[in-house]
Amino acid sequence: MTDSNTVAAVARFMSSRDEFAKHLGIELLELKAGYCRVALNLQPYMLNGLGIPHGSVIFSLADFAFAAACNSHGKMAVALSMDIHFLSSPAPTARLECEAVEVKLGRSTGLYRMTVTDLESKLVAELHGMAFRKNESFLEK
């Protein structure tokens, strides 16, 4: 069982140390053991040549939620694989939210489901990620 102090320390660590997420303006809204919710306001520079949000931005939002959820137990976890299914194209100025939910936690792996939606709850993308769990903490004592 992961205690609330560990989860809070992970939230501080992820929010302060992930420079790419900060560059994109990703906000960590909620973190619990095995669960994370994040958000992002799309910007003009995040659009592709067709004028729609770049798939890599949507993936990056989900990847940050995945990373926070699988590291929420205080043990280092890294991605083994992720898949993404783009289901709709959000408006170029949309606010997107992603929720990452732990599906199965094992000794050395964890499976997570991520859903990306806009503020009208329209499903933008669904992802699955498998994490490898190391037996070491990344938090300072």
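- N71 places no side-chain N or O within donor-acceptor distance of the main-chain N or O of G74, the cut-off being under 3.5 Å.
- Atom OG of S137 sits about 6.0 Å away from atom NZ of K75, to the nearest 0.5 Å.
- Between the CG atom of L139 and the CZ atom of R12 there is a distance of 8.5 Å, given to the nearest 0.5 Å.
- What you find for A100 and M114 is that their closest heavy atoms are CB-CG, 3.7 Å.
- No chain of hydrophobic side-chain contacts below 4.5 Å, direct or via other Ile, Leu, Val, Met, Phe, Trp or Tyr residues, connects I58 to L87.
- Between V10 and F138 the shortest side-chain heavy-atom distance falls below 4.5 Å.
- For the pair N41/E27, a side-chain contact is recorded, criterion being any heavy-atom separation below 4.5 Å from C-beta on.
- Side-chain contact check for L61 versus L24: every heavy-atom pair is 4.5 Å or farther apart.
- Shown here is D83, whose CG atom has more than 12 heavy atoms of other residues, nucleotides or ligands within 6.0 Å.
- When the side chains of ILVMFWY residues are joined at heavy-atom separations under 4.5 Å, either directly or via intervening members, L47 and I26 end up in two distinct hydrophobic clusters.
- Counting heavy atoms of neighbouring residues, nucleotides and ligands inside a 6.0 Å radius, atom CZ of R113 does not exceed 12 of them.
- Shortest non-hydrogen contact noted between L28 and C36 is CG-SG, 4.3 Å.
- A distance of 9.0 Å separates NZ in K32 from CZ in R37, rounded to the nearest 0.5 Å.
- Heavy atoms from other residues, nucleotides or ligands lying under 6.0 Å from CZ of F20 number 12 at most.
- Put simply, the side chain of H54 does not reach to within 4.5 Å of the side chain of F59, judged on heavy atoms.
- Note on L111 and V101: separate hydrophobic clusters, where clusters join Ile, Leu, Val, Met, Phe, Trp and Tyr whose side-chain heavy atoms are under 4.5 Å apart, directly or indirectly.
- Between Y112 and F66, the ring planes are perpendicular. Angles over 60° get that label, and only those under 30° would be called parallel.
- Considering every non-hydrogen atom in both V124 and D118, the closest pair reads CG2-N, 4.0 Å.
- Two residues are said to be in side-chain contact when any heavy atoms from C-beta on lie closer than 4.5 Å; L42 and L40 meet this criterion.
- Interatomic distance, OG of S89 versus CG of N48, reported as 8.0 Å (0.5 Å rounding).
- Within the 4.5 Å cutoff, no side-chain heavy atoms of M82 are placed close to those of I84.
- Of all non-hydrogen atoms in A68 and M14, the two that sit nearest each other are N-CE, 3.7 Å.
- Residues that satisfy the ring-ring contact (aromatic ring centres under 6.0 Å, His included) test with F86, not counting sequence neighbours, are absent from this structure.
- Every residue two or more places apart in sequence or in another chain that forms a side chain to side chain contact (heavy atoms under 4.5 Å, CB included) with A39 is listed here: L29, R95, E97.
- Open room surrounds NZ on K122; 12 or fewer heavy atoms of other groups in view lie less than 6.0 Å from it.
- Judged as a ring-ring contact (aromatic ring centres under 6.0 Å, His included), and not counting sequence neighbours, F64 has no contacts.
- Tracing side-chain contacts under 4.5 Å through hydrophobic residues (I, L, V, M, F, W, Y), one reaches L127 starting from L105; they form part of the same cluster.
- Formation of a donor-acceptor pair under 3.5 Å by the T6 side chain with backbone atoms of H73 is not found in this model.
- Taking all atoms of both residues into account, the shortest heavy-atom contact from Y45 to H23 is OH-O, 3.3 Å.
- Two residues are said to be in side-chain contact when any heavy atoms from C-beta on lie closer than 4.5 Å; M46 and P53 fail this criterion.
- Closest heavy-atom contact between V38 and A65: CG2-CB, 3.7 Å.
- Rounding to the nearest 0.5 Å gives a distance of 10.5 Å between CD of E126 and SG of C98.
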